[in-house]
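Contents: one structure, followed by commentary.
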Protein chains: 2
Amino acid sequence: MSDESGITRGRATAEMVAQRANVSRVAVSRAFNPHTSLKPEKRDLILRIAQELNYTPDRAARALVSGRSHLVGVIVPDVCSHWESQEIDALTTALQNEGFATLLFKTRTDYSMDEKLLAYMRGFNPDSVIAFVENVKPTTLARFLDRAVPIYVHYPYPGEADDEEAGPLHDRLNVLQRAGIEQAVALLQGYGAQRIAYVSGLGKSRANTAREQMLRTVMAERGLPPPVIAPSDYSYDMAYAATLDLFRIGQGADAIFAANDVGAFGVLDALRHELGLRVPEDVKVVGFDDIAQSHWKSYNLTTVKFDLAERVRALVRLILRRLNNPAAPALQETLQTRLVVRGTVG
Amino acid sequence: MSDESGITRGRATAEMVAQRANVSRVAVSRAFNPHTSLKPEKRDLILRIAQELNYTPDRAARALVSGRSHLVGVIVPDVCSHWESQEIDALTTALQNEGFATLLFKTRTDYSMDEKLLAYMRGFNPDSVIAFVENVKPTTLARFLDRAVPIYVHYPYPGEADDEEAGPLHDRLNVLQRAGIEQAVALLQGYGAQRIAYVSGLGKSRANTAREQMLRTVMAERGLPPPVIAPSDYSYDMAYAATLDLFRIGQGADAIFAANDVGAFGVLDALRHELGLRVPEDVKVVGFDDIAQSHWKSYNLTTVKFDLAERVRALVRLILRRLNNPAAPALQETLQTRLVVRGTVG
DNA sequence: ACGGAAAATGAAAACGTGTTCATTCTTTGA
DNA sequence: TCAAAGAATGAACACGTTTTCATTTTCCGT
């Protein structure tokens with residue numbers, strides 16, 4: 001009752017709202033938490049006054065007592081990689097709709113995990129963590145996260161998805177690459193391709209090795225000779241250089257699989273602008289991801305598509321289900337792939 | 001002394017560390033805060049035991065009492081826009097080095113500001129906020145941030161930067177576009193370009209209108225007719241369509257300025273793959289930003305460069321200076337632009 | 001009108017830390 | 001050797017919320 005001027009310096013607190021509404025401070029807390037019993041008209045009054053005073057519950061205080069920070073940590077080596085940035089974008093939107101905020105952390109770009117970063121991140125107390133970093137065992141991650149449960153994006157090797165084993169130990173999203181790769185190889189073979197090269201991603205990355213093995217397996221099944229491996233690291237520049245090597249030092253190829261779309265762009269530019277080859281007449285090219293840039297006219301890339309929206313939905317489902325039931329057995333989601341046919345095979 | 005097994009469920013607390021080290025809880029707090037008086041050997045002991053117990057101070061609790069969340073909010077319409085993603089990447093790295101974490105929020109893509117989002121974000125108590133959203137008055141932003149001070153990226157209109165006026169009201173980064181645009185126009189004019197078109201960014205955006213006005217001013221100063229405006233929205237697809245309109249419905253042009261690099265890619269692809277024109281022989285093209293993709297062989301774009309690293313350093317400087325002295329008068333930083341010459345003008 | 005169940009309410013405790021303040025220990029200078 | 005200054009220390013408080021628990025009020029069926 002002391003200060004009638006609406007302007008109070010600093011942030012409004014539940015106490016102020018309570019005082020103004022002639023209710024207890026607890027009632028204010030209840031007004032902001034849906035599943036509590038509070039007379040509707042009282043709740044309305046409180047919410048109205050809260051809006052007047054520009055009050056929102058302090059999430060730090062809330063986190064302290066409820067054990068929920070409503071923060072989701074995202075660890076990523078390169079925010080500006082095309083696929084990553086598109087996934088972060090969709091993920092942030094989806095999480096925001098569920099009342100969570102995205103906490104971004106950058107780690108070394110060699111796809112290894114930094115224990116110092118993990119300890120640092122843990123200080124912020126995320127409810128959950130999504131790691132784009134590969135080759136980090138979930139158990140390592142878990143050691144640094146008390147309440148948070150890490151979510152693992154898993155790329156099964158050929159055959160691995162078939163045997164159910166004892167079930168996974170950690171929540172994970174299984175990305176099944178076989179379908180898309182089979183379609184791509186069938187298409188290439190249909191156009192008469194025989195010598196297929198693979199411009200790889202970063203050698204140590206699980207996504208890459210699983211991709212390469214799956215390609216090798218599928219090609220063997222269809223009676224094709226094993227692919228020539230051109231080592232690269234997912235980047236445009238390395239893929240560009242690897243393609244030059246493949247044709248100038250190596251034996252060349254009549255079709256090239258790139259480990260990701262950006263790499264495929266490098267392959268295309270090297271073929272067309274440096275080697276003077278035509279795509280798809282002389283060499284056919286297939287990418288991985290189907291990022292937004294792949295339909296651009298200069299590339300118009302045929303590629304194995306991961307459905308981004310579907311993937312994000314699956315991740316968010318995993319997070320929410322785990323948070324609702326921390327003691328549940330390991331959860332699992334599955335994501336399929338398929339070929340998107342554009343102009344670089346034909 | 002009760003539990004000798006190192007495994008205690010849940011998170012370690014300062015109390016546990018204190019007990020194990022035979023010191024008071026306050027000492028533990030001091031061990032983690034550099035500028036407090038604590039016997040060195042005691043500090044070492046505490047830090048060692050903390051590491052053993054995997055202890056880190058809880059930032060939520062710390063924020064509650066110290067008023068510093070060590071969170072920096074970043075509001076962005078599109079994480080996956082090329083420039084934005086590259087800036088977020090660099091910003092996250094720089095902030096991380098200073099002990100801050102990046103809190104990502106996505107707003108509507110029409111570059112307007114959503115009050116509900118602001119209220120939502122405020123709940124997380126960021127120490128500072130960087131808004132990529134344009135056309136939001138800093139005062140509006142400030143109303144929703146108690147402790148946090150918004151940082152405004154400002155694109156002065158022609159002449160505006162010259163008069164010092166009474167100084168700015170809010171912390172801001174001034175991006176001076178004149179130098180780069182002057183170099184670009186001079187180069188185009190040197191190659192004989194007369195009819196210059198501008199494929200715009202999103203009409204309402206301040207960056208875009210300032211860019212357009214600056215181009216108009218510079219061209220007038222050099223005796224060129226005013227540019228033809230082809231309305232677009234920073235996207236590849238719209239720039240592509242706008243270019244087709246320009247040549248099929250409009251009068252065409254012998255040089256095109258695109259409001260950003262991605263737009264310039266759309267322009268290039270439309271010219272080459274749909275209109276059958278050669279670049280730079282028939283039409284010259286200049287972009288804005290100098291994103292990483294601009295040196296790719298398919299585009300090899302001549303463009304006005306904003307120095308990303310410099311820009312991020314300036315932003316971080318602004319944040320830290322403001323946090324160190326909340327009462328300081330409005331701070332200001334300045335960023336220059338310059339032309340990067342590649343293959344689309346010549 | 002009555003008893004019992006359900007809903008509504010507020011006081012007090014809890015969350016894990018930084019900060020203030022008074023006290024104790026150590027060092028310094030003459 | 002002594003006083004004074006400075007460093008080191010811990011008890012108590014503060015931060016803003018949710019949760020627990022006991023109490024009061026309201027509602028319902030008989």
Side-chain angles (χ1 to χ4, degrees), chain A residues 8-47 50 53-71 99 122-127 146-147 323, chain B residues 8-47 50 53-71 99 122-127 146-147 323:
Chain A
T8 48
R9 200 53 211 151
R11 184 178 177 130
T13 151
E15 186 63 50
M16 303 182 197
V17 178
Q19 205 170 321
R20 188 104 153 206
N22 269 332
V23 296
S24 79
R25 197 176 47 67
V26 182
V28 178
S29 169
R30 280 200 250 268
F32 279 87
N33 293 47
H35 299 301
T36 51
S37 64
L38 186 67
K39 228 188 236 165
E41 60 254 41
K42 189 178 265 193
R43 166 166 283 144
D44 291 346
L45 171 69
I46 293 177
L47 289 180
L53 263 55
N54 220 355
Y55 166 80
T56 336
D58 184 330
R59 292 190 110 105
R62 176 183 278 187
L64 198 55
V65 57
S66 74
R68 286 280 167 85
S69 65
H70 285 256
L71 295 172
R122 197 182 44 148
F124 290 96
N125 239 327
D127 285 339
D146 355 68
R147 185 175 65 265
L323 255 46
Chain B
T8 48
R9 202 49 212 156
R11 183 178 177 130
T13 152
E15 186 64 49
M16 303 184 198
V17 178
Q19 204 169 322
R20 188 104 152 205
N22 270 331
V23 298
S24 80
R25 195 184 51 70
V26 183
V28 178
S29 170
R30 281 199 249 268
F32 278 87
N33 294 48
H35 299 299
T36 50
S37 66
L38 185 67
K39 228 187 235 163
E41 59 254 40
K42 189 179 263 191
R43 168 167 283 145
D44 292 345
L45 171 69
I46 292 177
L47 289 180
L53 263 54
N54 220 354
Y55 166 81
T56 336
D58 184 329
R59 293 188 109 105
R62 178 183 277 186
L64 199 55
V65 56
S66 75
R68 286 279 167 85
S69 64
H70 285 256
L71 294 172
R122 195 180 48 144
F124 290 95
N125 241 327
D127 285 339
D146 354 71
R147 182 177 65 267
L323 254 46

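The sequence lines fix the lettering, A, B, ..., with proteins before strands; numbering per chain opens at 1.
- Between the side chains of A:R43 and A:S37, no donor-acceptor pair of N or O atoms lies under 3.5 Å.
- Taking for each of B:K42 and B:A61 the nucleotide of DNA chain D with the nearest heavy atom, the 5'-most of the two is the partner of B:K42.
- Atom CZ of A:R30 and atom P of C:dG10 are 8 Å apart (whole Å).
- Side-chain contact check for B:S66 and B:R59: no donor-acceptor pair (N or O, by modelled atom type) lies under 3.5 Å.
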- B/S/- contact track for nucleotides 22-28 of chain C, protein heavy atom under 4.0 Å: -------

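- Within 4.0 Å (heavy atoms only), A:F32 reaches no atom of the nucleic acid at all.
- Rounded to whole Å, atom C1' of C:dT17 lies 15 Å from atom CZ of A:F124.
- One interatomic measurement links the two molecules: CG of A:N125 to C1' of D:dT17, which rounds to 15 Å at whole-angstrom precision.
- Comparing atom distances between the A:V26 side chain and each of C:dA12, C:dT17, D:dT9 picks out C:dA12 as nearest.
- Taking 4.0 angstrom as the limit, A:S37 places none of its side-chain polar atoms (N or O) nearer than this to OP1 or OP2 of C:dA7.
- Spacing between atom CZ of A:R25 and atom C1' of D:dT18 amounts to 9 Å, rounded to whole angstrom units.
- Along DNA chain D, the nucleotide nearest B:S24 and the nucleotide nearest B:V65 are compared for position; the residue whose nucleotide lies closer to the 5' end is B:S24.
- If you take NE2 of A:H70 and P of D:dG16, they are 20 Å apart, rounded to a whole angstrom.
- A:D58 has its CG atom 17 Å from the P atom of C:dG16, to the nearest Å.
- One finds no side-chain N or O of B:S66 lying less than 4.0 angstrom from the OP1 or OP2 phosphate oxygen of C:dG18.
- The phosphate of D:dT18 (OP1 or OP2) has a side-chain N or O of A:S29 nearer than 4.0 angstrom.
- One atom, CZ of A:R59, and another, P of D:dT17, lie 12 Å apart when rounded to the nearest Å.
- If you take CZ on A:R20 and OH on A:Y55, they are separated by 15.0 Å, rounding to the nearest 0.5 Å.
- The shortest non-hydrogen separation linking B:A21 to B:I46 is CB-CG1, 4.5 Å.
- Here the CG atom belonging to B:N125 is positioned 4.5 Å from the CG atom belonging to A:D58, to the nearest 0.5 angstrom.
- Residue B:P40 has its side chain nearest to D:dA8 when only D:dA12, D:dT18, D:dA8 are considered.
- Summarising the geometry, the separation between CZ on A:R11 and P on D:dA14 is reported as 21 Å, rounded to the nearest angstrom.
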Scan the side chains in residues 26-33 of chain B for donor-acceptor partners under 3.5 Å anywhere in the protein, sequence neighbours excluded, and list what turns up.
none

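- B:T13 comes within 4.0 angstrom of sugar-phosphate atoms only, judged by non-hydrogen atoms across all strands, and of no base.
- For A:R11 (side chain) and A:N54 (main-chain N/O), no donor-acceptor pair under 3.5 Å exists by modelled atom type.
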